[in-house]
Amino acid sequence: MANLDGAKTNLIINYLPQTLSDEDFRSMFLSIGPIKSCKIIRDKNTLYSYGFGFVDYQSPGDAARAITTLNGLSMENKRIKVAYARPNDENSKGANLYVCNLPKHYREEELMDQFQKYGSIVQTRVLVNQVTGQSKGVGFVLFHKKCDAESAMADMDGKTPPGGDQPFSIKFADDNAKKVRPPPGSQNFQHPAYSQGPRFPYSGGMGNHGPMRNPGNRFRYNPMGGGAGNFGNNYGNYNNGYGSGMGGSGMMGQQNQGHILFVYNIGYDADEKTLWQLFAPLGTVQKVNVIMDHAKSQCKGYGFVTMTNYDEAQHAIDCLNGYVFNGKQLSVSFKS
DNA sequence: TTATATT
């Protein structure tokens, strides 16, 4: 719902500790003043905290004071962030532009200069090669309002900026977590589980944890897509969390909450597809999560994979921990 | 090198 007042009273709280209870969350923010509502955003089934929440104060003054008082507060080796929430209306969604063919000398400032005449900009970002620092010629312009983003795109798409030698190509940016694009080098990507050669360190010598054990159970994960190496987009349909080994009668509708793996060094271009490709062939994957730096529209280089069955999770560790993927050595372990 | 930026 669009509410003008909400812009002044409604706060988003980021970087909440996983263990923070709803009660403690409420008390902490009630200490500033009366609130209309508050909630920690959690997984519907498991109640696992997503690490952020909302607090809507009755008075704008208390909201402002909550920011002053509580932003940056240390809680269990994290620092919470308290800021105004974006208004939850259509005009603020989809206001992020993806701009290609930037002149190579462009940084955030030059991008800002070119686009700020269309409206108020939250942030600009230019992607650079992590090693050389060279611009990739690609960036993001996030406007406060979608209509400003639309005007900017209409006017600037196909135009060559002063000092540039190519016309801008402008699109709306994808949702961070949902974009499906082949990871770099995926044309040659060969899953370690299918390898028989020595370049995949964990493909042999693992006894009955060898990668191809129980092969008849391996390919149930992609009803839409075609086969291994050709992944469809409907990842959400792979399974429902009721994995094998759940027994029947005694569970009373509870579901196996799965085993969470920490996967480090997946690269800054990784997305959810990357993790599905790596893990789905090794067992039942409930969900994957690539941790994004939302300010940069980039992966932070790690993610989490929840697998239903313990033995398959251990198998995935055996296969993938230490495996060199896109030139980086993966680290795969049970989440601590 | 162990989480989550829009309900």
Side-chain angles (χ1 to χ4, degrees), chain A residues 1-3 6-20 22 25-26 29 35-57 63 67 71-72 75-96 122-123 125 130 140 142-146 173-178 258-268 270-272 275 286-307 313 317 320-323 325 328-336:
Chain A
M1 99 187 136
N3 60 335
K8 296 183 160 70
T9 60
N10 194 24
L11 305 179
I12 183 167
I13 322 301
N14 284 295
Y15 304 103
L16 294 172
Q18 183 52 235
T19 56
L20 184 68
D22 297 293
F25 180 68
R26 169 177 280 268
F29 287 90
I35 61 187
K36 286 190 277 196
S37 63
C38 68
K39 75 199 295 189
I40 294 175
I41 307 304
R42 297 178 182 278
D43 181 280
K44 279 203 249 330
N45 296 125
T46 66
L47 300 185
Y48 198 87
S49 163
Y50 289 147
F52 68 96
F54 296 90
V55 176
D56 197 5
Y57 280 97
I67 294 174
N71 183 40
M75 300 185 71
E76 301 178 24
N77 72 6
K78 297 172 85 168
R79 291 164 69 82
I80 68 168
K81 180 173 177 184
V82 183
Y84 289 113
R86 277 218 322 264
N88 194 10
D89 63 22
E90 284 312 308
N91 194 25
S92 353
K93 292 174 180 162
N96 199 19
V122 178
Q123 174 180 247
R125 196 81 211 170
Q130 297 288 324
F140 294 87
L142 175 60
F143 285 90
H144 279 106
K145 298 204 283 188
K146 181 174 188 174
D174 292 333
D175 251 357
N176 280 336
K178 298 301 175 201
H259 302 87
I260 301 176
L261 300 177
F262 170 58
V263 189
Y264 179 70
N265 221 15
I266 56 180
Y268 301 107
D271 57 19
E272 293 197 350
L275 293 180
Q286 289 181 9
K287 71 172 180 180
V288 304
N289 204 190
V290 169
I291 303 307
M292 300 295 294
D293 183 329
H294 291 271
K296 299 181 183 173
S297 293
Q298 263 191 0
C299 175
K300 291 184 174 178
Y302 64 92
F304 299 89
V305 175
T306 306
M307 299 188 73
I317 292 173
L320 295 174
N321 184 41
Y323 173 63
F325 176 69
K328 295 172 190 285
Q329 191 173 27
L330 296 180
S331 168
V332 183
S333 60
F334 287 106
K335 181 184 178 311
S336 23

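Naming convention: chains lettered A, B, ... in sequence-line order (proteins, then strands); numbering from 1 in each chain. All values below come from the heavy atoms of this structure, side chains included, with hydrogens, waters and symmetry mates left out.
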Please encode protein proximity along nucleotides 1-7 of chain B as a string of B, S and -, counting only heavy-atom distances under 4.0 Å. BBBBBBB
According to side-chain hydrogen bond (donor to acceptor under 3.5 Å, both in side chains), who are the partners of Thr19(A), at least two apart in sequence or on a separate chain?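 With sequence neighbours excluded, Thr19(A) shows a side-chain hydrogen bond (donor to acceptor under 3.5 Å, both in side chains) to Glu76(A), given in chain and number order.
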According to side-chain contact (heavy atoms from CB on, under 4.5 Å), who are the partners of [X], at least two apart in sequence or on a separate chain?
X	value
Arg86(A)	Ser92(A)
Asp22(A)	Ile40(A), Arg42(A)
Asn265(A)	Lys328(A)
Lys145(A)	Asn91(A), Cys147(A), Asp148(A)

